[in-house]
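Below is one structure, written out as structure tokens; comments come after it.
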Protein chains: 2
Amino acid sequence: MTDPPSGPRPATSTDVARLAGVSQATVSYVMNDAPGVKISDSTRERVRQAAEQLGYSPHASARTLRKGRSDVVLMPVPDIPVGHLAGRFFRELGRLLRGHGHTLVMYGDTDGRGATAAREWAQWRPAAVLVAADRLTRAGVRQLHAAGVATVVAMGPRPSLLAPTLVFDDYAIGGCAVEHLIARGRRRLGVVVPAEPELAVFAGPRFEGAERAAAARGVAVRRIVLPSDEAGAAEVVAGWDAGERPDGIFAYNDDYAMVLMRVMQDAGLAVPGDVAVVGADDLPLGRLLRPRLTSVRVAGDRSAAQVADRLHQMIVAAEREAGVVLFESSAEIVHRESS
Amino acid sequence: MTDPPSGPRPATSTDVARLAGVSQATVSYVMNDAPGVKISDSTRERVRQAAEQLGYSPHASARTLRKGRSDVVLMPVPDIPVGHLAGRFFRELGRLLRGHGHTLVMYGDTDGRGATAAREWAQWRPAAVLVAADRLTRAGVRQLHAAGVATVVAMGPRPSLLAPTLVFDDYAIGGCAVEHLIARGRRRLGVVVPAEPELAVFAGPRFEGAERAAAARGVAVRRIVLPSDEAGAAEVVAGWDAGERPDGIFAYNDDYAMVLMRVMQDAGLAVPGDVAVVGADDLPLGRLLRPRLTSVRVAGDRSAAQVADRLHQMIVAAEREAGVVLFESSAEIVHRESS
DNA sequence: ACGTATCACTTATACGTATAAACTTTGTAT
DNA sequence: ATACAAAGTTTATACGTATAAGTGATACGT
């Protein structure tokens, strides 16, 4: 009654049924290997061949509408730069979830949070939503559950009170670096906080973790706000008094560490003689520098499989306990020459 | 008759209609600002308030089913590592498309191609598909069009014969680097081809572009297969005869260039004295090295807006001419100290 | 011979939306 | 007064699927 006819349309289950000489229901049963329904092998085969011949692929939206939920694991990602570890982790996760019949979808959304954002995510009736912990509110989680989302999973540096969490422990990274510096005999510690505001989500916890570890050993840390460009960083370093200059610095990550090392060396400071430097993320490039860069390695690659399995279970069982840790990254120091 | 009742369900347009005291059709007309349909302002307002009160958000799948196509721009991405430029470009593109009412969805799929892959993408009835040129076949494109996909857009180093293309010109990158090296007086040229097979898609064109530019000037280039790890790279360099050693190398990208520079320096070769090195992608880190790394910058950031606008037009008009270039990246040399 | 299982299907229906078509008011020209 | 248009709304329907419920067969035990 409505649509303009537009040439050849994609095949539907009804088309397949007609070609195979069976009913549409039978096609559906065959395609989904419906348990508890008996279909003879000959019919099964005929349906399969007809589907193949027509290039049939079920209409995802129709299926979602009928079932009330899709097989999508929705991952709303705003403008946050995806780091080295996280990128690998999610690529792997996507591959594994696919094996369980789910589809990981990265959805470039606005940076809203709470119920408003949840409403937008809910449109897709995803099986699960995987999102930064600080974008969830109680009302938002409730809304998602009401929309049939089986499980909401948070991601953040600490277990969320609202949902099970993938803990990417940025506190531990800072702590690990500082403990290493102290063990190497450094006492005038500095911790880099990137001047770039979009990194604040990660930088806050790393700094706090460093601060806490230092406090536990009776050492103070100094906050160093550092821009990522060479000139800006040089200015910061030039402003240091010889007496007050730190003798050990955790540089937030390897990128900032490399810039920092460069400008310190150009300013005549010896690394690690005058100042020890520790980065994080263990980028391959860090090993090319002289001195080779000490870094905090964040492990997690392996665990993507565990997370995928667990997530699948949770979707099937519609588990929604909050405060549970589904995954926890571990931090360990990789000691090289810069510290 | 079918579904188990499961607590509070998300609000539907019918719920909104009931609360506002109108019919479901009216709600739909109001929510979509349907042109050619008159609704009084008072009713409009009542519907809007009811929708707000119930937290109504339309069921994306139901809408897709009814309309025959969704507002999704599907971007199937296999395991290819997303580079610096491409990452920024697509993030920006997503943001802009959203402004036009589309949703960019990155879909982590298998690495199939042709009609089989197309069938999988077609399940979602996307408005457009944005995919690597070499995954398209004529049959695949036909299948997508049949599924109501308004436009198929290819991405690759050359305009595709099957669909309009976003040209990320890797040939030009290689050419640009080699021309620079020749202009600097180098004649024994080498071009790095990464040993890692997943980079072959990009490496092939960069090498060919380099080869062609060299041939045009009567210079030969030598292919250097280089692994990305330091030890492996050192072995390659150690194998060079003093006489045959290249005096100018295009190193595929900045990452490989940095490794190469490192191992060459450690082997006692002077850069650029003995060997000039050119990278690509203009990573910030390259500027930190000594000598600072010369690189080929790939411009494109700006044009995301143009691409978004054009893509929107194409979706609306269902344009499908092949051989058209929607976007072309440009390569230019950034000369620093390594060459 | 008759009821009853089991098998192998088919029929009918609902999911939530968009939209053509029908319908009721109300206003306006003849 | 009557026709007729315009405004504002409702009714009815289709999109493609999954699945509960129904329908004929055929087999089997007594």
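Here is the naming used below: chain letters follow the sequence lines, and residue numbers restart at 1 for every chain. Below, all heavy atoms of this structure are taken into account, side chains as well, without hydrogens, waters or symmetry copies.
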Check: Considering only C:dG16, D:dG16, C:dA18, which nucleotide approaches the side chain of B:S28 most closely?
Finding: C:dA18

Notebook entry, point to check: What is the distance from NZ of A:K38 to P of C:dT10, rounded to the nearest Å?
Noted result: 17 Å

Margin query: Please classify the nucleic acid contact of B:T43 as base, sugar-phosphate, or nothing, using heavy-atom distances under 4.0 Å.
Written below: sugar-phosphate

Check: Would you say a side-chain N or O of B:Y29 is under 4.0 Å from OP1 or OP2 of D:dT11?
Finding: no

Check: Expressed in angstrom and rounded to an integer, what is the separation of A:R18 atom CZ from C:dT10 atom C1'?
Finding: 16 Å

Next item on the list: Grab the NE2-C1' distance between A:H59 and D:dA14 for me, whole Å please.
Entry: 12 Å

Note to self: According to ring pair (Phe, Tyr, Trp, His ring centres under 6.0 Å), does anything in residues 37-76 of chain B pair up with another residue at least two apart or in another chain? List the pairs.
What the structure shows: none

Check: Given D:dA14, is OP1 or OP2 found less than 4.0 Å from the side-chain N or O atoms of B:R66?
Finding: no

Notebook entry, point to check: Between A:A11 and B:R46, which has a closest nucleotide on DNA chain D that is more 5'?
Noted result: B:R46

Checklist line | B:R113/B:E120 ion pair, N-O < 4.0 Å | finding: no

Next item on the list: Ignoring the backbone of B:K67, work out which of D:dA18, C:dA18, D:dG16 is nearest its side chain.
Entry: C:dA18

Next item on the list: Output the single nucleotide from D:dT17, C:dT17, C:dA18 whose closest atom is nearest the side chain of A:T12.
Entry: D:dT17

Item checked: Nearest-Å distance for atom pair CE/P, residues A:M31 and D:dT19 -> 15 Å

Item checked: Nearest listed nucleotide, side chain of A:N32, among C:dT11, D:dA18, C:dA18 -> D:dA18

Check: Think A:S40 has a side-chain N or O under 4.0 angstrom from the OP1 or OP2 of C:dC9?
Finding: yes

Margin query: Using a 4.0 Å heavy-atom cut-off, does B:V22 contact any base of the nucleic acid, only the sugar-phosphate backbone, or nothing at all?
Written below: sugar-phosphate

Checklist line | Between P of D:dG16 and CG of A:L54, the distance in whole Å | finding: 14 Å

Check: To the nearest Å, how far apart are B:Q24 CD and D:dA12 P?
Finding: 13 Å

Check: Is there a side-chain polar atom (N or O) of A:T26 under 4.0 Å from OP1 or OP2 of C:dT10?
Finding: yes

Notebook entry, point to check: NA contact type, A:T64, heavy-atom cut-off 4.0 Å: base, sugar-phosphate, or nothing?
Noted result: nothing

Notebook entry, point to check: Is the shortest side-chain N to carboxylate O distance from B:R48 to B:E45 below 4.0 Å?
Noted result: no

Next item on the list: Pick base, sugar-phosphate or nothing for A:I39, based on heavy-atom distances below 4.0 Å to the nucleic acid.
Entry: sugar-phosphate

Note to self: From C-beta outward on B:S23, which listed nucleotide comes closest to its side chain: C:dT10, D:dT10, D:dT17?
What the structure shows: D:dT10

Check: CZ of A:R63 versus C1' of C:dT17: gap in Å, rounded?
Finding: 20 Å

Margin query: What is the separation between atom CG on B:D71 and atom C1' on C:dT17, rounded to the nearest whole Å?
Written below: 14 Å

Notebook entry, point to check: Is it true that A:R158 and A:E328 make a salt bridge, defined as a side-chain N closer than 4.0 Å to a carboxylate O?
Noted result: no

Check: From the list C:dT17, C:dC7, D:dT19, which nucleotide is the closest neighbour of the side chain of B:P58?
Finding: C:dT17

Notebook entry, point to check: Between B:S61 and B:T64, does any side-chain donor sit less than 3.5 Å from a side-chain acceptor?
Noted result: no

Notebook entry, point to check: Of all residues at least two apart in sequence or in a different chain, which pass the side-chain hydrogen bond (donor to acceptor under 3.5 Å, both in side chains) check with B:S40?
Noted result: B:S42, B:T43

